[in-house]
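Below is one structure, written out as structure tokens, with a few remarks after it.
This structure is a prediction, so every number in the text was calculated from the model and none was measured.
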Amino acid sequence: MGGSAYDEDLAALDDLAARHQLAAAWLTAYADATGTPLTPGDLAEAVAVELCPDLPRHDSDLTPVTVAEGLLGAHPRITGRALPLRIDEFLARTRRFAEHEAPAFRAHLQRRTALVAAERARLRLDEHRPRSMASFVRNRLVDEVYLPLVGDSLARQIGTAGATKRTDTGGLLLLLSPPGYGKTTLMEYVADRLGLMMVRVSGPALGHAVTSLDPAEAPNATARQEIEKINFALAAGNNTLLHLDDIQHTSPELLQKFIPLCDATRRVDGVHDGAPRTYDLRGKRFAVCMTGNPYTESGERFRVPDMLANRADVWNLGDVLTGKEDAFALSFLENALTSNPVLAPLAGRDRADLELLVRLAEGDPAARADRLTHPYAPAELEQITAVLRHLLTARETVLAVNAAYIASAAQAEETRSEPPFRLQGSYRTMNRIAQRVRPVMNAAELAAVLDDHFTAEAQTLTTGAEANLLKLAELRGTLTPGQAERWAALKSAHARAQVLGGPAEDPLTRATNALALLADRMSAIEAAITAATGGTGANGTAGPRTPRHAAGGEGR
């Protein structure tokens, strides 16, 4: 190939790559002009001849082209499951891939991983992954009572699978109980099994001052973060469980924001990225669960907004459901298994073994150890039954304390006949007692364990430690004559204080209450005299003459 312009341009270039590009362009144009077919291999050979005319050349019968057949990939260079390969082109392609494309792809992956990690940290996604506690024991009460109740509510909220899938999703789950009954643990377990992202919002972090879903109106950074989590859950929508924990510490006005979720509208007004936004959750797998203690630390009952309580599925995990007394009592033992080293292996064995072992510990003559599914050594079996026997005794006290706590907390303050009872008998209480129980204990040592536990718990109460311990002794039937006298005095003082008013009342209120008490006492005396005289007073009249100062004359 010749030509003055071509030779001049080629001679003017010192860079080999530029000379290669120029020669390839001229040869390609020449082939197109003359109609000469030119393959990529022929072009490379012709360029080499032009640029290196003095390079020795050797003829060979081998072909640099081959075809890889039987390929299953979907690469665009594969045609009919075959890929033509030319050795020089293949080496250049692989070199380019190794030097440019592969490092660029690795840099892309690193950049993408960094961005995803930063966004995950910003959204705190790891905190929204439900984690079922290793000590969680799925017991009879959970299977027979809690899971059906929770499952029915969640089915209405996220819809059920299959041919009977619900389209009218709605509702809200409200779980109440004193502390220590595993409300949060149960919801973690359910969310983990259903594969839902669990966004847990702390009620104490929100506080009573938060009444809006706008993070800008939050009184502090902690509350703002919790409100952002609520908006994040609403924005995520599908496969999400929004869990508001300890709602007794939140404002009822804030809880009312979730009322539309209970109806067919399924719309909630919130704030996303600083702009108002309405979240439409119709047809989405989105559920809301609220948990809390209906009896606050001050003894005042927390009031759930009526419109919310009437629409939500409300269940108290601390109360015994009708017909489930045995399962409720057994759950205290089942939940305490992992807390005692002797009983811990039972948590991973057949549940029927535990029920049979409990019957053996209770002295049931129909219970037979040879029906256990797991082979127990005689010494191990003796230790297990001994610990269970102690826990059965401790359970009586814990159940009595639980019932007394709920009964006392449900009473109105003005109608109490004795000081409020604030000691708690929950799963947590049973677990702490089970930690200290040993097979070799006698009855006195077990009683000492119970005394020590509840005495320590009473010391954490703000007021009424003595009254609570005396009430506990009354529940256990261990009141001494001196303690019984002191307990009666405390109840009388409490009743008198209820009538007269507490120390915080103003003098006028206390004086008015004292006069009302005096009038009640005079009425009681009049009724007693009337009943004793057959309807006439002591002086033969219809009743005793009421003193003037008692009726409210000059001596008032």
Check whether any side-chain heavy atom of [X] sits under 4.5 Å from a side-chain heavy atom of [Y], and report yes or no.
X	Y	value
Leu343	Leu333	no
Leu242	Met198	no
Asp313	Leu174	no
Pro179	Arg428	yes
Leu392	Arg395	yes
Arg285	Leu196	yes
Ser426	Asn402	no

What's the shortest heavy-atom distance between [X] and [Y], and which atoms?
X	Y	value
Thr211	Lys257	O-CE, 3.1 Å
Ala386	Pro439	CB-O, 3.7 Å
Ala82	Pro84	O-CD, 4.0 Å
Ala367	Leu356	CB-CD1, 3.8 Å
Met430	Ala336	CG-CB, 4.1 Å
Asn340	Arg438	ND2-NH1, 4.4 Å

How would you list, by chain and number, every residue that makes a side chain to side chain contact (heavy atoms under 4.5 Å, CB included) with [X], sequence neighbours excluded?
X	result
Pro204	Ser202, Asp246, His249
Val47	His20, Ala23, Ala24, Leu27, Leu43, Leu51
Val65	Thr63, Arg86
Val268	Leu213, Leu234, Leu261

Would you give the length of the straight line joining atom [atom1] of [X] to atom [atom2] of [Y], rounded to the nearest 0.5 angstrom?
X	Y	atom1	atom2	answer
Thr240	Met197	OG1	CE	3.5 Å
Arg371	Asp353	CZ	CG	13.0 Å
Asn335	Leu141	CG	CG	8.5 Å
Glu228	Asp214	CD	CG	10.0 Å
Asp245	Thr291	CG	OG1	3.5 Å
Asn316	Lys183	CG	NZ	8.5 Å

ring-ring contact (aromatic ring centres under 6.0 Å, His included) partners for [X], two or more places apart:
X	answer
Phe258	none
Tyr376	His374
Phe286	none

Give the C-alpha distance, both sets of side-chain angles, the deciding distance and a yes or no for side chain to side chain contact (heavy atoms under 4.5 Å, CB included) between Cys289 and Leu175. CA-CA 7 Å; Cys289 175; Leu175 298 181; 4.3 Å; yes

Examine distances only and state if a side-chain atom of [X] and a backbone atom of [Y] form a donor-acceptor pair shorter than 3.5 Å.
X	Y	result
Asn231	Gly270	no
Arg81	Leu71	yes
Thr28	Ala25	no
Thr250	Ile247	yes

State whether the number of non-hydrogen atoms from other residues, nucleotides or ligands found under 6.0 Å of [X] atom [atom1] is greater than 12.
X	atom1	answer
Gln21	CD	no
Asp14	CG	no
Gln435	CD	yes

Below 4.0 angstrom, N of the basic side chain to O of the carboxylate: do Asp143 and Arg351 qualify? yes

For Asp269, enumerate each residue passing the side-chain hydrogen bond (donor to acceptor under 3.5 Å, both in side chains) test, keeping only those at least two apart in sequence or located in another chain.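 Here the qualifying residues are Thr278.
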
Salt bridge (Lys or Arg N to Asp or Glu O under 4.0 Å) with [X]: which residues, sequence neighbours excluded?
X	value
Glu119	Arg122
Asp280	Arg267, Arg282
Asp54	none

Which of parallel (below 30°), tilted (30 to 60°) and perpendicular (above 60°) describes Tyr181 and Tyr427?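 Tilted, since the angle between the ring planes falls between 30° and 60°.
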
Among His243, Gln157, Arg156, whose side-chain contact (heavy atoms from CB on, under 4.5 Å) with Leu173 holds? Gln157

side-chain hydrogen bond (donor to acceptor under 3.5 Å, both in side chains) pairs, two or more places apart, involving residues 102-111: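 Residue pairs with at least one partner in residues 102-111: there are none.
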
